[in-house]
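Each remark here refers to the structure printed beneath this line.
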Amino acid sequence: EDQVTQSPEALRLQEGESSSLNCSYTVSGLRGLFWYRQDPGKGPEFLFTLYSAGEEKEKERLKATLTKKESFLHITAPKPEDSATYLCAVSGTYKYIFGTGTRLKVLA
Amino acid sequence: ETGVTQTPRHLVMGMTNKKSLKCEQHLGHNAMYWYKQSAKKPLELMFVYSLEERVENNSVPSRFSPECPNSSHLFLHLHTLQPEDSALYLCASSQGAGIAGGGPYNEQFFGPGTRLTVL
């Protein structure tokens with residue numbers, strides 16, 4: 001069965017304390033893995049697409065990596081403005097499946 | 001207007017009402033989507049239109065009826081809803097393959113959502 005599991009469900013970090021969010025997946029015919037950021041009361045904002053194992057993408061303090069079974073979103077020296085829910089999604093033929101997200105809170 | 005817009009932002013309706021949600025994308029994309037977001041649940045893909053063809057989602061109740069008159073506009077018509085339909089309804093758009101090519105299913109750009117409350 002196709003599914004996406006994100007962990008942890010919630011994460012509290014001190015400003016500057018680096019950490020990683022996990023997205024594990026099972027999907028037949030993976031076409032891509034996507035990371036989004038969602039702020040309260042807003043729609044998700046696209047961050048990264050990863051297509052194949054070993055691929056990495058970076059944007060400011062965020063770095064996304066992909067293996068055959070999971071993806072990590074590494075957050076280096078986070079700031080309070082990085083607080084949000086981070087969503088992972090995978091696409092296959094005629095399917096687009098989201099995980100339930102990781103709620104990140106960065107304390108000043 | 002830029003990006004993806006949705007109206008109204010908030011909607012309260014009774015179970016016997018009929019209402020419509022509207023979405024417009026200004027990104028020149030060829031695919032549009034409706035999602036339902038409920039607390040503690042993953043985003044649920046309801047409908048996809050690609051090159052104005054609709055991908056059916058058999059798990060969506062018939063009280064939700066989508067309409068895509070062109071690649072920039074998408075509607076979700078609501079009638080005789082239930083309280084459990086209360087949720088955030090999100091519209092998104094993307095650029096990609098048509099349905100015959102396996103669907104567009106790539107990076108998507110979302111609107112701000114409509115917060116729906118069914119009494």
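A note on names: the letters A, B, ... follow the listed sequences, proteins ahead of strands, and every chain is numbered from 1. Because only heavy atoms are used, hydrogens play no part in the values below, and waters and symmetry mates are left out as well, while side chains stay in. Only a predicted model underlies this, so the values are computations on that prediction, with no experimental measurement involved.
One hydrophobic cluster, built from ILVMFWY side chains closer than 4.5 Å, cannot hold both Phe98(A) and Leu47(A); they sit in different ones. Hydrophobic cluster membership differs between Leu43(B) and Val27(A), with clusters built from Ile, Leu, Val, Met, Phe, Trp and Tyr side chains linked at under 4.5 angstrom. When hydrophobic clusters are built by joining Ile, Leu, Val, Met, Phe, Trp and Tyr residues whose side-chain heavy atoms come closer than 4.5 Å, directly or via intermediates, Val90(A) is not grouped with Phe109(B). No path of Ile, Leu, Val, Met, Phe, Trp and Tyr side chains, each step under 4.5 Å between heavy atoms, connects Tyr51(A) with Leu30(A), placing them in separate hydrophobic clusters. A continuous path of hydrophobic side-chain contacts links Leu78(B) to Tyr49(B) [ILVMFWY only; heavy atoms under 4.5 Å].
Shown here is Arg61(A), whose CZ atom has more than 12 heavy atoms of other residues, nucleotides or ligands within 6.0 Å. No more than 12 heavy atoms of other residues, nucleotides or ligands shown are found within 6.0 angstrom of NZ on Lys42(A). Other residues, nucleotides and ligands contribute at most 12 non-hydrogen atoms within 6.0 Å of the NZ atom of Lys22(B).
Within the 4.5 angstrom heavy-atom criterion, only side-chain atoms of Leu45(B), from C-beta onward, approach chain A. At a 4.5 Å heavy-atom cutoff, the contact between Leu87(A) and chain B is made by side-chain atoms alone. Neither the backbone nor the side chain of Phe48(A) comes within less than 4.5 Å of any heavy atom of chain B. Heavy atoms closer than 4.5 Å to chain A are found in the side chain of Gln37(B), but not in its backbone. Residue Glu45(A): no heavy atom, backbone or side chain, is found under 4.5 Å from chain B. The contact between Tyr96(A) and chain B is made by backbone and side chain atoms together, counting heavy-atom distances below 4.5 Å. In this structure, chain B has a heavy atom under 4.5 Å from the side chain of Glu9(A), while its backbone stays farther away. Neither the backbone nor the side chain of Arg115(B) comes within less than 4.5 Å of any heavy atom in chain A.
Within the 4.5 Å cutoff, the side chain of Phe34(A) has no heavy atoms near those of the Gln108(B) side chain.
Of all the heavy atoms in Lys40(B) and Thr100(A), the pair that sits closest is O-CG2, 4.2 Å. The shortest non-hydrogen separation linking Gly43(A) to Leu90(B) is CA-CD2, 3.8 Å. Residues Pro42(B) and Gly99(A) come closest through the heavy atom pair CB-O, 3.6 Å. The two residues Glu107(B) and Thr49(A) have their closest heavy-atom pair at OE1-OG1, 3.0 Å.
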